[in-house]
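For the numbers below, each heavy atom of this structure counts, side chains included, while hydrogens, waters and symmetry mates do not. A quick note: this is a predicted structure, and the numbers were derived from the prediction, not measured.
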Amino acid sequence: QVQLVESGGGLVQPGGSLRLSCAASGRTFSSDAMGWFRQAPGKEREFVAAISWSGVSTYYADSVKGRFTISRVNAKNTVYLQMNSLKPADTAVYYCAARASRVAVTTLDGYDYWGQGTQVTVSS
């Protein structure tokens, strides 16, 4: 059974940092591109960041570029999202996703497996 389990969410003040983790199991994710998406209350799920199977290629939404960093450790079947300089607008449920392809994409329908999400709240 394929599982993606996110962790690391929580409450943080504006300007603070969080690091999200996504642990994958049930298949060999080292060959999969991975992505992070988020969904704020009343809004559609949106792309945040993506990384190719090797980690060489990364992609970011304009809204997080320069503040967020996606990375992966294939030996641990884990992908990370380091979030710095957080803003209230970053408040959302963050989802990890895996794509059965080595090439990363930025669209929701390009991903085959999804985690349950972790809440990130940025507030003073």
Side-chain angles (χ1 to χ4, degrees):
Q1 182 180 359
V2 175
Q3 272 196 317
L4 298 175
V5 179
E6 302 95 337
S7 61
L11 173 64
V12 63
Q13 292 187 342
S17 298
L18 282 175
R19 188 176 82 154
L20 304 184
S21 299
C22 172
S25 62
R27 59 180 274 117
T28 305
F29 283 94
S30 59
S31 298
D32 291 349
M34 303 289 291
W36 286 96
F37 293 78
R38 67 186 182 186
Q39 188 167 17
K43 295 188 177 181
E44 295 185 350
R45 194 171 299 189
E46 64 177 6
F47 168 74
V48 175
I51 188 167
S52 63
W53 72 280
S54 64
V56 170
S57 299
T58 57
Y59 307 89
Y60 297 94
D62 288 343
S63 59
V64 307
K65 203 170 293 183
R67 300 188 297 122
F68 291 11
T69 302
I70 188 170
S71 62
R72 65 189 298 161
V73 178
N74 285 343
K76 295 184 177 181
N77 266 1
T78 302
V79 63
Y80 303 96
L81 185 67
Q82 177 67 44
M83 305 186 295
N84 299 328
S85 302
L86 282 161
K87 306 174 181 179
D90 296 317
T91 295
V93 177
Y94 283 72
Y95 297 90
C96 173
R99 167 176 163 82
S101 167
R102 297 188 171 192
V103 178
V105 297
T106 63
T107 55
L108 274 73
D109 60 5
Y111 288 82
D112 303 289
Y113 307 98
W114 291 85
Q116 293 299 306
T118 185
Q119 176 70 47
V120 172
T121 302
V122 185
S123 175
S124 55

- Query: Would you say Asn77's side chain and Ser25's backbone share a donor-acceptor pair under 3.5 angstrom?
  - Reply: no
- Task: Inspect the contact between Asp90 and Lys87 and indicate whether a charged nitrogen and a carboxylate oxygen are less than 4.0 angstrom apart.
- Result: no
- Passing option when Phe29 is tested against Leu4, Val79, Asn74 for side chain to side chain contact (heavy atoms under 4.5 Å, CB included): Leu4
- Task: Please confirm whether Phe68 and Trp36 have ring centers closer than 6.0 angstrom.
- Result: no
- Which atom pair, heavy atoms only, marks the closest approach of Leu86 to Leu18? CD1-N, 3.9 Å
- Query: Distance from Thr69 atom OG1 to Arg19 atom CZ, nearest 0.5 Å?
  - Reply: 11.5 Å
- May I ask whether Tyr113 and Ile51 are part of the same hydrophobic cluster, defined by side-chain heavy atoms of I, L, V, M, F, W, Y residues being less than 4.5 angstrom apart, directly or through others? yes
- How far does CE of Met34 sit from CG of Leu81, to the nearest 0.5 angstrom? 11.5 Å
- Item | Straight-line distance of Tyr59 OH to Ser52 OG, nearest 0.5 Å | 6.5 Å
- Considering non-hydrogen atoms only, spot the tightest contact between Val105 and Ala50 and give its length. O-CB, 3.7 Å
- Item | Thr121 backbone acceptor or donor facing Ser123 side chain under 3.5 Å | no
- Query: Would a line drawn from the ring center of Tyr111 to the ring center of Phe37 be shorter than 6.0 Å?
  - Reply: yes
- Query: Would a distance-only check, ignoring hydrogens and angles, find a side-chain to backbone donor-acceptor pair under 3.5 Å from Glu6 to Cys96?
  - Reply: yes
- Task: Compute both the distance and the angle, then confirm whether Arg45 meets the cation-pi test with Trp114: under 6.0 Å from the six-membered ring centre, within 45 degrees of the axis.
- Result: yes
- Item | Separation between CZ of Arg38 and CE of Met83, rounded to the nearest 0.5 Å | 9.0 Å
- same_hphob_cluster(Val48, Val12) at 4.5 Å side-chain heavy-atom cutoff: yes
- Query: About how many Å separate OG1 of Thr106 and CZ of Phe47, when rounded to the nearest 0.5 Å?
  - Reply: 5.5 Å
- Task: Grab the two heavy atoms, one from Tyr60 and one from Ile70, that are nearest each other, plus how far apart they are.
- Result: OH-N, 2.9 Å
- Message: Does Arg102 form a side-chain contact (heavy atoms from CB on, under 4.5 Å) with Asp32? I'd like the steps, not just the answer.
- Response: CA-CA 5 Å; Arg102 297 188 171 192; Asp32 291 349; over 6 Å; no
- Message: Is there a path of hydrophobic side-chain contacts, each under 4.5 Å between heavy atoms of I/L/V/M/F/W/Y residues, joining Leu108 to Tyr95?
- Response: yes
- How many angstroms lie between atom NZ of Lys65 and atom CZ of Arg67, to the nearest 0.5 angstrom? 12.5 Å
- Item | Ser17 to Gln82 - nearest heavy-atom pair and separation | CB-NE2, 4.0 Å
- Message: Does Gln39 have more than 12 heavy atoms from other residues, nucleotides or ligands lying within 6.0 Å of its CD?
- Response: yes
